[in-house]
Enquirer: 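The structure's right below; bear with me while I get my questions together.
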There are 2 protein chains.
Amino acid sequence: MSMHNPPHPGEIIRELCLEPLGITVTDAAAALGVSRKTLSAILNGRAGISPEMAIRLAKAFDTTPESWMNQQTQFDLWQAKQLLGEPDVQKLAVA
Amino acid sequence: MSMHNPPHPGEIIRELCLEPLGITVTDAAAALGVSRKTLSAILNGRAGISPEMAIRLAKAFDTTPESWMNQQTQFDLWQAKQLLGEPDVQKLAVA
DNA sequence: GCAACCTGTAACGTAACAGGTTACGCTATG
DNA sequence: CATAGCGTAACCTGTTACGTTACAGGTTGC
């Protein structure tokens with residue numbers, strides 16, 4: 001179940017949102033109301049999608065904040081699994 | 001669409017996981033492999049569910065990490081909407 | 001060739017958050 | 001009363017998001 005490296009959300013933004021519109025990073029950052037550096041960091045995988053950013057992206061691209069957050073969640077979970085391995089946890093549920 | 005204060009995930013853990021089992025916070029923290037303080041902070045809404053914690057919770061309670069992350073996402077988004085209000089964002093999509 | 005623009009990224013700061021240990025006060029139960 | 005469980009405070013480290021400023025490299029047009 002989803003064992004392959006999920007793309008970080010920045011790739012999605014660039015490939016599905018910015019490139020089709022032919023908009024520059026500088027202009028997109030201005031439209032989103034964040035600095036060029038902040039958007040650049042996300043696009044290049046050096047920052048994640050914060051809740052605020054998800055709301056801004058949803059408003060700009062006419063989507064839902066949840067969809068952006070879920071992309072980030074998938075990426076974060078995949079990354080945490082790589083780093084954490086199998087944590088030493090006792091089962092507490094019914095079986 | 002979901003305008004009411006969503007519960008923070010700590011309440012869910014306490015009410016749906018710990019109380020039915022009659023397990024103490026101290027023991028649950030030990031089973032999860034985290035400190036008592038860390039679990040206490042989550043249960044009382046003073047910390048969120050990190051990806052690592054979601055993985056631990058999923059293993060202990062035989063659920064999925066995604067379900068815990070989604071709970072946290074709902075809470076974070078609701079909170080961000082309260083704090084951010086309507087951000088000044090230009091529409092970039094088709095219109 | 002040079003100027004203008006776009007981009008990545010570095011350095012500096014702020015603020016916030018997760019996690020840990022230690023310690024204190026409260027409450028409930030033996 | 002003594003002990004256990006709990007919340008929470010202070011203190012630490014590491015990480016992240018965000019901002020401004022500045023610099024280096026690439027493109028494009030004159």
Side-chain angles (χ1 to χ4, degrees), chain A residues 8-11 13-15 17-19 21-58 60 65 68-69 71-73 75-85 87-89 92, chain B residues 8-11 13-15 17-19 21-58 60 65 68-69 71-73 75-85 87-89 92:
Chain A
H8 65 253
E11 293 183 31
I13 299 176
R14 190 193 296 275
E15 294 169 11
C17 299
L18 300 194
E19 288 183 351
L21 292 174
I23 197 176
T24 67
V25 175
T26 303
D27 288 349
L32 288 166
V34 300
S35 75
R36 183 172 65 87
K37 185 202 178 220
T38 296
L39 181 56
S40 175
I42 293 172
L43 292 179
N44 294 285
R46 312 200 307 119
I49 307 282
S50 65
E52 293 89 353
M53 186 61 69
I55 292 172
R56 291 180 187 274
L57 289 169
W68 293 107
M69 292 297 284
Q71 302 256 8
Q72 186 63 48
T73 288
F75 185 75
D76 289 345
L77 272 181
W78 176 84
Q79 223 177 12
K81 282 175 193 165
Q82 308 301 310
L83 290 177
L84 198 60
D88 199 8
V89 171
L92 293 177
Chain B
H8 65 254
E11 293 183 32
I13 299 176
R14 189 192 298 274
E15 294 169 12
C17 299
L18 300 194
E19 288 183 352
L21 293 174
I23 197 176
T24 68
V25 174
T26 302
D27 288 349
L32 288 166
V34 300
S35 75
R36 182 173 66 87
K37 185 207 176 215
T38 296
L39 180 57
S40 174
I42 292 171
L43 292 179
N44 294 284
R46 311 200 307 120
I49 307 283
S50 66
E52 292 89 351
M53 186 61 68
I55 291 172
R56 292 180 186 275
L57 289 168
W68 294 107
M69 292 297 284
Q71 302 256 10
Q72 186 63 47
T73 288
F75 186 75
D76 288 344
L77 271 182
W78 177 84
Q79 225 179 9
K81 282 174 192 166
Q82 310 299 310
L83 290 177
L84 197 61
D88 199 8
V89 171
L92 293 176

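Reminder, nothing fancy here: chain letters follow the sequence lines and each chain counts from 1.
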Enquirer: Distance check needed: dT16(D) P versus N44(A) CG, whole Å only.
Expert: 16 Å
Enquirer: Would you indicate whether the side-chain heavy atoms of I13(A) and W68(A) approach each other to under 4.5 Å?
Expert: yes
Enquirer: Take the protein atom CD1 of I23(B) and the nucleotide atom C1' of dG5(D), then report the distance between them rounded to whole Å.
Expert: 13 Å
Enquirer: How many Å lie between CG on L18(A) and P on dC6(C), as a whole number?
Expert: 14 Å
Enquirer: Between N44(B) and R14(B), is any pair of side-chain heavy atoms under 4.5 Å apart?
Expert: yes
Enquirer: Can you see which heavy atom on V25(B) is nearest to which on L43(B), and at what distance?
Expert: CG2-CD1, 3.7 Å
Enquirer: Just N and O in the side chain of T26(B): are any of them under 4.0 Å from OP1 or OP2 of dC6(D)?
Expert: yes
Enquirer: Step by step, would you call M53(B) with I42(B) a side chain to side chain contact (heavy atoms under 4.5 Å, CB included)?
Expert: CA-CA 10 Å; M53(B) 186 61 68; I42(B) 292 171; 3.7 Å; yes
Enquirer: Rounded to whole angstroms, how far apart are CD1 on I13(B) and P on dC6(D)?
Expert: 14 Å
Enquirer: Please walk me through it: do F75(B) and Q72(B) pass side chain to side chain contact (heavy atoms under 4.5 Å, CB included)?
Expert: CA-CA 5 Å; F75(B) 186 75; Q72(B) 186 63 47; 4.1 Å; yes
Enquirer: Between E52(A) and V34(A), does the side chain to side chain contact (heavy atoms under 4.5 Å, CB included) criterion hold? Intermediate values first, please.
Expert: CA-CA 10 Å; E52(A) 293 89 353; V34(A) 300; over 6 Å; no
Enquirer: When you check every protein heavy atom under 4.0 Å of nucleotides 14-20 of chain C, what one-letter string (B, S, -) results, 5' to 3'?
Expert: ----SSB
Enquirer: Return the value, rounded to whole Å, for the distance between atom CD1 of I55(A) and atom P of dA17(D).
Expert: 16 Å
Enquirer: CG of D27(A) versus C1' of dC5(C): gap in Å, rounded?
Expert: 11 Å
Enquirer: Is T24(A) touching bases, backbone alone, or none of the nucleic acid, heavy atoms closer than 4.0 Å?
Expert: sugar-phosphate
Enquirer: Grab the CD-P distance between E11(B) and dG7(D) for me, whole Å please.
Expert: 13 Å
Enquirer: Using a heavy-atom cut-off of 4.0 Å across all strands, would you classify R14(B) as base, sugar-phosphate, or nothing?
Expert: sugar-phosphate
